[in-house]
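Only heavy atoms go into these numbers, but all of them, side chains included; no hydrogens, no water, no symmetry mates. We number each residue from 1, following the sequence as shown.
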Amino acid sequence: MNTTTATTNAPPATTVRGGPLGGGPGTHTGAGYGSGKRGIRRYHPILFGLITAIALALLGLTAWTHHQYSNYGLTGTGLTRRLDFLLFLSIWTALFGAAYMIFAHTGRFGAIASHASHVFWLLITWIMWLVGAALYQHYLNHNRFCGVTHRMCQINRAIRALSWIEFALCFLTMLLIILHIGGKTARYRTGPYDDYVV
């Protein structure tokens with residue numbers, strides 16, 4: 001009686017997509033994997049957290065300063081118009097900065113949390129902060145105006161400094177994401193926290 005031995009070939013190893021963020025089943029463990037994701041996972045929440053925190057601080061400072069100038073009858077002046085723009089920028093940055101932290105962390109928002117979306121928003125925001133900070137500093141320097149009171153003078157200086165810091169943070173974050181994209185051309189990712197590779 002002839003017997004045949006069936007041989008089963010193991011399927012070739014394939015890359016698993018969508019592994020858990022912190023490990024466990026489905027986590028990629030191949031050689032060379034993980035160095036890029038650890039970098040972007042480490043710096044993304046820190047940078048966007050700083051961007052959001054500074055925007056919230058500027059939101060409070062610009063709103064309070066605008067209110068104080070209104071009490072002194074200085075509404076509609078060049079200074080208050082610049083404050084209006086910085087106030088809008090603070091709201092814009094705080095809302096989108098917090099949203100991008102949530103979108104990128106969950107990884108469930110597709111193109112909204114993509115690298116391209118990050119870079120586009122950061123580019124627009126960086127340009128607006130450049131304009132806002134430059135206009136505000138120009139007014140304070142050109143008119144030799146620091147504030148109605150000493151306290152308001154200190155707050156104006158704080159607003160100017162934080163505006164430039166926000167500008168620098170947006171540029172730094174955008175640069176890091178662009179460098180991450182350029183250095184990971186062999187990987188396919190839909191967001192800074194996604195673990196998808198090919």
In this structure, NE2 of H115 is separated from CD1 of I178 (nearest 0.5 Å) by 11.0 Å
Please find the pair of heavy atoms, one from M101 and one from T52, that lie closest to each other, and give the distance.
CE-OG1, 4.1 Å
Under 4.5 Å between side-chain heavy atoms, counting indirect links through other Ile/Leu/Val/Met/Phe/Trp/Tyr residues: same cluster for I165 and F96 or not?
yes
Taking F167 as the starting point, is it possible to reach V131 by hopping between hydrophobic residues whose side chains are less than 4.5 Å apart?
yes
Assess the residue pair L86 and L58 against the criterion (side chain to side chain contact (heavy atoms under 4.5 Å, CB included)); give the C-alpha distance rounded to whole Å, side-chain angles, the decisive distance to 0.1 Å, and a yes or no.
CA-CA 8 Å; L86 290 178; L58 280 166; over 6 Å; no
Side-chain heavy atoms of W164 within contact of Y136, under 4.5 Å:
no
How long is the straight-line distance from CG of L172 back to CD1 of I177, given to the nearest 0.5 Å?
10.0 Å
Does one hydrophobic cluster hold both I91 and L89, with members joined at side-chain heavy-atom distances below 4.5 Å?
no
Minimum-distance pair of heavy atoms, taken over all atoms of C170 and W129
SG-CD1, 4.2 Å
Scanning both residues in full, the closest heavy-atom pair of H66 with D84 reads NE2-OD1, 2.7 Å
Any side-chain heavy-atom pair of R157 and C153 under 4.5 Å:
yes
Minimum heavy-atom separation for I155 to T65, with atom names?
CG2-OG1, 3.2 Å
Within-4.5 Å side-chain heavy-atom neighbours: R151 and Q68
no
So R160 and N141, do their side chains get closer than 4.5 Å, heavy atoms only?
yes
I'd like to know if the side chain of T62 reaches the main chain of L59, judged simply by a donor and an acceptor atom lying under 3.5 Å from each other, with no hydrogens or angles considered.
yes
Could you check whether any side-chain heavy atom of L87 comes within less than 4.5 Å of a side-chain heavy atom of L83, counting everything from C-beta outward?
no
Return the CE to OG1 distance between M174 and T125, rounded to the nearest 0.5 Å.
9.5 Å
Donor-acceptor check, side chain of E166 to backbone of A55, threshold 3.5 angstrom: yes or no?
yes
dist L130:CG -> W126:CH2 (nearest 0.5 Å) comes out at 6.5 Å
Working to the nearest 0.5 angstrom, can you tell me the gap between H118 NE2 and T173 OG1?
9.5 Å
OH (Y69) and CH2 (W64) are apart, to the nearest 0.5 Å, by 8.5 Å
Identify the two heavy atoms, one from A158 and one from L61, that lie closest to each other, and give their separation to 0.1 Å.
CB-CD1, 4.3 Å
Hphob cluster co-occupancy, L56 + I159, side-chain heavy atoms under 4.5 angstrom
no
Look at the side-chain heavy atoms of Ile, Leu, Val, Met, Phe, Trp and Tyr, link any pair under 4.5 Å apart, and say whether I127 and L162 land in one connected group.
yes
Where do F171 and L122 land on the side chain to side chain contact (heavy atoms under 4.5 Å, CB included) test, with the steps shown first?
CA-CA 7 Å; F171 177 77; L122 284 167; over 6 Å; no
Are any of the side-chain heavy atoms of L169 and F48 separated by less than 4.5 Å?
no
Between the side chains of S117 and Y100, is a donor N or O closer than 3.5 angstrom to an acceptor N or O?
yes
